[in-house]
Amino acid sequence: MPELPEVETIKRDLEKNLTGQVITQFIVEDPRIFTGFSPSGGPRRKINISHLIRGLINKKISQFFRRGKYLAMEFVDGSALILHLRMTGQLLFKNGEGKARAAFYFGSGKKLFFKDRRRFGEIQFSTDWKKEKSIASLGIEPLNGNLTAQFLKESFKERSASVHSLLLNQTIVCGIGNIYAAEALFRAGIRPTRKGKSIRIEELNQLVPAIQQVLNASIQNRGYSMSTYVDTLGKKGKTQLFTQVYGKEDQPCVHCKNLLKKIKISGRGVVYCTQCQK
DNA sequence: CGGGGCTCCTGTGCGC
DNA sequence: TGCGCACAGGAGCCCC
C-alpha cells in the first residue's frame, strides 16, 4: 500500500496529534508484528514481547520521522519504534471493524491502532534507530533537494537492470513504489523496460521533476486509495483520481489515445504507453 | 549484478 | 453460484 506520499500523510497526522503523548498501555494482539525486520524465511530474532511492552510504558513521544516508507516514533530518551506498513498496514486513531494487531493507549486518552489485513507490516524497537540496517541502508530522499539528474546518472551507470526496477530500489532513492515509479516514467516519457545505464542525461532531467511532481501532488492529495490505504482518521486520499497509467491498463493514453499496456518487470505489474514512452 | 521465483499473509475479482 | 487461479501500494533471500 503505502509509498512515500501515504507514509508522509500518516506521519504528519501522527506528529500533529501524538507529539508529547505518554504511552500508558500497549496491547499486542499479534506478536508477529515484532519480527524486527528479519528475513521472512529465515530465523527470527528472539524478542521478549512482555519485556518490550513493559519497557514502552511511560515513554514520551518526542518526534515522528519518515525515512523512505518507514516511520519512526521517537521517544524523549532517544529510543524509538520503527514501523513499516508494507502492503496493507494502517495506523488509525479509532479502531473500526476487525481486530488491530497492536494498540497504543496514551495518557490523554488518545489511542492508536495498527491494523493490517495481510500482516506484512512490522514494528521494531531500537535504542539507535537511525543505525538499524533497515534505515541505514536507505538511499537518498527524493524530496529534500538531493535528487538530481547527475545523481541518477551516477547511480544508474553500469546498471543493466530496468529503470523501473532501479526506481523501486530503496538503496538508491527511497520512498518510491510501484505506483509512483510508473507515473513518473510516464510523465518523463521513458519506457520502464529501458536499462538504467541507457537513460540519457536529458531524459534524467525530465525524470527528476517528474518524480518530485508525482510525489508532491500525491502528498497534497493525501495519497492513493484504491483498496486499503486510508489516513489516521480512516479517510481515503484522492491520488487515484489523478493517476495517468497506474491501474489504467487497456485505457487510452491521455496524450495519444493509444491503449495503455501492462507488462511484468521483475514480478511487478507495470503499465505504460508504447507510443509516448521511448 | 539481475531477474525469476519464493516467502511472509489475506482478500478480491475474474474466467470458466 | 462456486471454484480455482492470478494478482495486489513491500521487500528480503536463494538460485542460476
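Quick note on labels: first sequence line is chain A, next is B, and so on, each numbered from 1.
Cluster membership check: A/Leu166 does not share its hydrophobic cluster with A/Ile265, using side-chain heavy-atom separations under 4.5 Å among Ile, Leu, Val, Met, Phe, Trp and Tyr.
Rounded to whole Å, the separation between the P atoms of C/dG4 and B/dC9 comes to 22 Å. Using P as the reference atom, B/dC8 and C/dC3 are 25 Å apart when rounded to the nearest Å. Taking atom P on both nucleotides, B/dT10 is separated from C/dT1 by 26 Å, rounded to a whole Å.
When both distances must be under 3.5 Å, the Watson-Crick or G-U wobble mate of B/dG15 is C/dC3.
With B/dC9, C/dA11, C/dG9 as the choices, the nucleotide that has an atom nearest any side-chain atom of A/Phe120 turns out to be B/dC9. Considering only side-chain atoms of A/Lys264, the nucleotide from B/dG2, B/dC9, C/dA8 that sits closest is C/dA8. Which of B/dG2, B/dT10, C/dG9 sits closest to the side chain of A/Arg119 comes down to B/dT10. Proximity note for A/Arg117 (side chain, C-beta onward) versus C/dG9, B/dG11, C/dC7: the nearest is B/dG11. Comparing C/dA11, B/dC1, C/dG9 against the side chain of A/Arg86 picks out C/dA11 as the nearest.
Residue contacts shown for A/Ser227 include a base, since a base heavy atom lies under 4.0 Å away.
The existence of a salt bridge linking A/Glu3 and A/Lys69 is excluded, since no basic side-chain nitrogen approaches an acidic carboxylate oxygen closer than 4.0 Å. Salt bridge A/Arg86/A/Glu122: present, at least one basic N to carboxylate O contact under 4.0 Å. Salt-bridge check for A/Asp231 with A/Arg12: failed, with every basic side-chain N at 4.0 Å or more from each acidic carboxylate O.
Residue A/Tyr246 places at least one side-chain N or O closer than 4.0 Å to OP1 or OP2 of C/dG9. Side-chain nitrogen and oxygen atoms of A/Lys195 include none within less than 4.0 Å of the OP1 or OP2 phosphate oxygen of B/dG3. Within the structure, every side-chain polar atom (N or O) of A/Arg118 is placed at least 4.0 Å from both OP1 and OP2 of C/dA8. For the pair A/Lys133 and C/dG12, the criterion of a side-chain N or O lying under 4.0 Å from OP1 or OP2 is not met.
Below the 3.5 angstrom threshold, one finds no donor paired with an acceptor across the side chain of A/Thr88 and the base of B/dG11.
Proximity of residues 165-177 of chain A to DNA chain C (heavy atom under 4.0 angstrom from any strand atom) is restricted to A/Gln170, A/Gly177.
Judged by distance alone, with hydrogens and angles left aside, the side-chain atoms of A/Asp77 form a donor-acceptor pair with the main-chain N or O of A/Ser79 at under 3.5 Å.
For an aromatic pair to be called close, the ring centres must be under 6.0 Å apart, and A/Phe186 with A/His255 satisfies this.
In this structure, A/Lys130 is positioned above the aromatic face of A/Phe65, its NZ or CZ under 6.0 Å from the six-membered ring centre and within 45° of the axis.
Of the residues near DNA chain C, A/His84 and A/Gly267, the one whose nearest nucleotide (by heavy atom distance) lies more toward the 5' end is A/Gly267.
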